Amino acid sequence: MKTIFITGASSGIGKATAKLFQAKGWKVVATMRTPEKETELTALDNVIILPLDVTKDDQIQSTVQSAISLGDIDVVLNNAGHGLFGPVEAVNEQQILKQVNTNFLGPLKIIQAFIPYFREKKGGLFINTTSMAGLTGFPLSNVYNATKWALEGLSECLSIELSMFGIGVKTVSPDATKTNLFTSADVVSHPLYDNVIQKMIGGIQQSGESIDIAEVIFIAATDGKDTLRYPAGGKAQQIYARRLEIGPEASRIETTKWFLGL
Ligand SMILES: NC(=O)c1ccc[n+]([C@@H]2O[C@H](COP(=O)([O-])OP(=O)(O)OC[C@H]3O[C@@H](n4cnc5c(N)ncnc54)[C@H](OP(=O)(O)O)[C@@H]3O)[C@@H](O)[C@H]2O)c1
């Protein structure tokens, strides 16, 4: 039986992925900040719930060690994430640090904690949930995008660096999906930008389902291919293909025209 370790499994894409892998016969180590609140995953066979706030260094170490001691881990899914919307001129340092710590440093530290284990067993796969925001630039989710670009960049570097140990690294980049991400996001108000922020967030909420992303994560975990990037859900494939087709500069200009006409 294969095992996946998932961060941020309490809701949305993480929970859908935990349920899908369990249904496909995998053992799931589902980690979350508040395990005491979980009722759905606790009722499933072969699902182990462990506490993990990805911004807490001590907990990363203890939970990764607990997970390893429970049995073999095949796939680590860095899924936990937090949203921030607002103009760069208005976001404060605390909000920026929360983004960086949750969306970038957390996954990086979890990867660091698992590398020696994967190196020793000469295998293993890291899948990092990034975003279309990690492959393209959007206005007003600037710092969020920056953390996802950072995670994309880290993943590409690591996919090369860890290849000598037989360790895989992939990213799954969802298009906008109906989850708690937008309702729990920090939205920073500024009179000159508020109208356009509300239009953007309103548009984003009418979008795809977590299970669509979970299915792409399952493909990434099981296809045996040396592919780095898996755009997932909604129009992710088309958006990414368009960017590759016209190049990043033309893509940026196209997005700017859309934004100015929003
Ligand atoms: N929804 C989208 O449109 C979309 C698009 C592209 C990428 N993504 C990415 O997909 C991933 C999953 O997000 P989602 O859309 O499924 O949203 P979600 O339902 O809000 O799930 C986010 C998960 O991350 C957890 N989390 C937040 N901060 C954490 C921390 N410090 N430590 C541990 N867990 C933490 C949340 O836990 P709590 O329940 O404790 O808050 C929750 O389980 C994120 O990385 C997000 O950036 C989402």
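When a ligand or atom number is given, it counts from 1 through the structure's own listing order. Positions are given from 1 along the sequence. Since the model is a prediction, treat every value here as computed from it, not as a measurement.
- Considering only non-hydrogen protein atoms, atom 3 (O) of ligand 1 sits nearest to Thr177 N, 2.6 Å.
- For the residues Asn79, Thr147, Val54, Thr130, the heavy atom positioned nearest atom 44 (C) of ligand 1 is part of Asn79.
- Summary of contacts: the protein heavy atom closest to atom 16 (O) of ligand 1 is Ile13 N, 2.8 Å.
- Among Val75, Val28, Val29, the single residue meeting the side-chain contact (heavy atoms from CB on, under 4.5 Å) criterion with Phe5 is Val29.
- Closest heavy-atom approach to atom 35 (C) of ligand 1 within the set Gly233, Gly14, Ala80: this belongs to Ala80.
- Salt bridge Lys121/Asp74: present, at least one basic N to carboxylate O contact under 4.0 Å.
- Considering backbone and side-chain N/O of Leu181, one or more are found under 3.5 Å from N/O of ligand 1.
- Each of Thr227, Thr222, Leu228 was scored for a side-chain contact (heavy atoms from CB on, under 4.5 Å) with Lys225, with one residue passing: Thr227.
- In this structure, Glu120 places its CD atom where only 12 or fewer heavy-atom neighbours from other residues, nucleotides or ligands lie under 6.0 Å away.
- A donor atom on one side chain and an acceptor atom on the other are found under 3.5 Å apart for Thr130 and Ser173.
- Considering Thr129, Ile6, Leu52, Thr7 only, the shortest heavy-atom separation from atom 33 (C) of ligand 1 involves Leu52.
- The residues Lys257 and Glu254 are annotated as not salt-bridged, no charged nitrogen and carboxylate oxygen being separated by less than 4.0 angstrom.
- Protein heavy atom at the shortest distance from atom 46 (C) of ligand 1 is Tyr144 OH, 3.5 Å.
- Heavy-atom proximity to Gly12, at under 4.0 Å, picks out these atoms of ligand 1: 16 (O), 19 (O).
- Test Leu97, Leu84, Asp186, Asn103 against Val143 for side-chain contact (heavy atoms from CB on, under 4.5 Å) and you get one pass: Leu84.
- By heavy-atom distance, the residue among Thr183, Thr17, Thr179 lying nearest atom 14 (P) of ligand 1 is Thr179.
- Of all protein heavy atoms, the one closest to atom 41 (O) of ligand 1 is Arg33 NH2, 2.7 Å.
- Here the closest non-hydrogen pair linking Val188 and Pro87 is O-CD, 3.8 Å.
- Relative to atom 27 (C) of ligand 1, the option among Gly81, Ala236, Pro107 with the closest non-hydrogen atom is Gly81.
- Inclusion of Ser131 in the set of residues having an N or O under 3.5 Å from an N or O of ligand 1 is not warranted.
- Around atom CD of Glu36, more than 12 heavy atoms belonging to other residues, nucleotides or ligands sit under 6.0 Å away.
- Counting heavy atoms closer than 4.0 Å to ligand 1, residue Lys148 contributes side-chain atoms (C-beta onward) but none from N, CA, C or O.
- Looking at Gly8 next to ligand 1, an N or O pair under 3.5 Å apart turns up.
- For atom 5 (C) of ligand 1, the closest heavy atom belonging to the protein is Asp175 O, 3.6 Å.
- For atom 31 (N) of ligand 1, the nearest non-hydrogen atom of the protein is Asp53 OD1, 3.0 Å.
- Among protein heavy atoms, the minimum distance from atom 36 (C) of ligand 1 is reached at Ser10 OG, 4.0 Å.
- The nearest heavy-atom contact from the protein to atom 21 (O) of ligand 1 is Ser11 OG, 3.3 Å.
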